[in-house]
Amino acid sequence: MLFHSTGGQEEACTLSHAIMSGLASDGGLYVPDQIPVIDWASCDVTGSYADFAVQVLAPFFKDDKLSVALKAICTEAFTFPTEMVALDEGLHVMELFHGPTVSFKDYGCRFLAGCLNQLASNNKLTVMVATSGDTGSAVAAAFHDKPNVNVIVLYPKGRVTPRQAHQISCWGDNVLSLCVDGSFDDCQRLVKAALSDNKWQESYALTTSNSINIARLLPQIVFYAYTSCQYMQAYNKMPGYIVPSGNLGNITAAFWAKAMGFPMREIAMATNANTVMSDFISQGTFTPRASVATLATAMDVGAPSNVERLMCHFSDWEMIKDHMSVYSVSDAQIQKAIVDCHQAKGYVMCPHTATAMHAYQQVGSSPWIVAATAHPSKFEQVIHPLLNQEIAIAPQLQQLLKRSASVIEVAADLDTIRKTCDTYFSHVL
Ligand SMILES: *Cc1c(COP(=O)(O)O)cnc(C)c1O
């Protein structure tokens with residue numbers, strides 16, 4: 001299978017090339033040349049999750065040098081389950097947060113880490129990434145113990161929660177976390193500057209692991225495929241899915257799973273108060289803008305990059321409008337959904353998941369599966385005051401908090417960062 005850029009200015013390329021590049025040279029995002037169609041009824045859901053993932057992803061890896069490693073990559077990435085919880089007649093929650101850093105991003109980051117570790121096998125790679133909180137810990141956890149890849153995480157001093165800072169800086173070994181005296185934008189600027197600096201490239205073979213990498217999207221097809229097959233077998237009905245969305249990677253994977261032929265009835269998008277997508281559906285023009293801060297922080301996106309992939313999948317606005325409903329949810333509605341669901345069902349959910357649960361109250365037809373993207377205990381500062389009770393901390397988070405963390409502070413200056421990296425990696429590895 002070949003991949004091409006949504007920019008349309010680049011030759012088709014292999015999957016390995018698309019993964020190593022991240023972003024295409026014409027500035028576009030990589031998408032598969034076609035979506036392979038699978039006979040879902042012949043997929044085996046009785047074996048391991050990793051084996052199921054191999055069946056779903058094999059067509060995308062066909063003829064690529066990574067295909068021989070696909071089984072190993074899936075075995076290392078799909079180490080934790082996707083759990084389905086029934087809340088009501090016609091309402092299930094698909095829990096995607098049972099991984100090491102308790103958000104669905106663990107699937108994509110672990111899969112990408114496995115791919116890059118394979119591709120780097122003769123020539124050590126260094127992944128450099130800026131984080132405003134959550135992604136940094138998922139990336140650090142995914143690449144820790146991957147022998148062919150070093151990781152440098154930059155996070156802004158004082159702008160992430162103490163718990164998030166701990167989760168980013170508790171790894172050591174091949175993961176160097178730097179607490180930068182600056183903002184998230186400074187961190188991002190420093191990563192970009194290093195990536196385009198020859199002196200860095202000479203000694204580090206730098207790449208980044210941002211969310212637009214195709215290797216973070218492909219594994220997300222798997223949980224839609226898996227749960228829709230299981231749902232059909234159990235209830236003989238096709239479920240619809242409601243996906244809490246920000247940068248639109250997760251919902252793009254959902255549409256690809258549906259296009260592959262998995263039994264998904266329809267797909268709805270829930271966003272927070274960032275209304276760029278609901279405005280697009282109602283008005284027909286896509287107007288990227290600055291994001292507004294909400295309780296569902298990981299979805300605070302005003303210019304979602306994966307809209308390019310959705311446009312490419314659907315060809316035009318009319319078609320997107322026919323295939324996708326969008327629900328924009330305010331902070332007050334998020335809070336109400338958390339409280340109501342706890343009262344009615346005894347189920348506690350995170351603010352991101354709550355946007356989809358609010359949307360569930362608006363959608364017609366049934367049955368529905370709500371994607372639960374993070375464990376609620378990651379957002380105790382939001383949930384605790386609402387429910388007026390302590391919520392149990394996820395065991396994985398507890399494990400992470402037990403590890404010792406060492407914080408290295410640096411100025412927002414590329415030369416200082418370079419010296420710190422040189423010293424660290426010459427001592428540690
Ligand atoms: C990243 C994230 C989202 C948004 O996912 P996209 O793929 O960017 O749309 C939703 N919920 C949580 C918890 C996240 O971390």
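All ligand and atom numbering here is 1-based and tracks the order in the structure. Quick caveat, the model's predicted, so the values are computed rather than measured. Hydrogens, waters and symmetry mates play no part in the numbers below; they use all other heavy atoms, side chains included.
- For a heavy-atom separation below 4.0 Å, the residues in contact with ligand 1 are Phe104, Lys105, Pro244, Ser245, Gly246, Asn247, Leu248, Gly249, Asn250, Ala298, Met299, His352, Thr373, Ala374.
- Between Phe78 and Phe111, the two ring planes are perpendicular [angle over 60°; tilted spans 30° to 60°].
- Here the two rings, on His17 and Phe3, have centers that are 6.0 Å apart or farther.
- The residues Arg110 and Asp106 are annotated as not salt-bridged, no charged nitrogen and carboxylate oxygen being separated by less than 4.0 angstrom.
- In this pair, Tyr226 and Tyr49 present their aromatic rings tilted. The plane angle is within the 30 to 60° band.
- Sequence neighbours left out, the pairs with a member in residues 146-174 that pass ring-ring contact (aromatic ring centres under 6.0 Å, His included) are His144-Trp171.
- In this structure, Tyr241 and Tyr224 have perpendicular ring planes: the angle between them is above 60°, well past the 30° mark.
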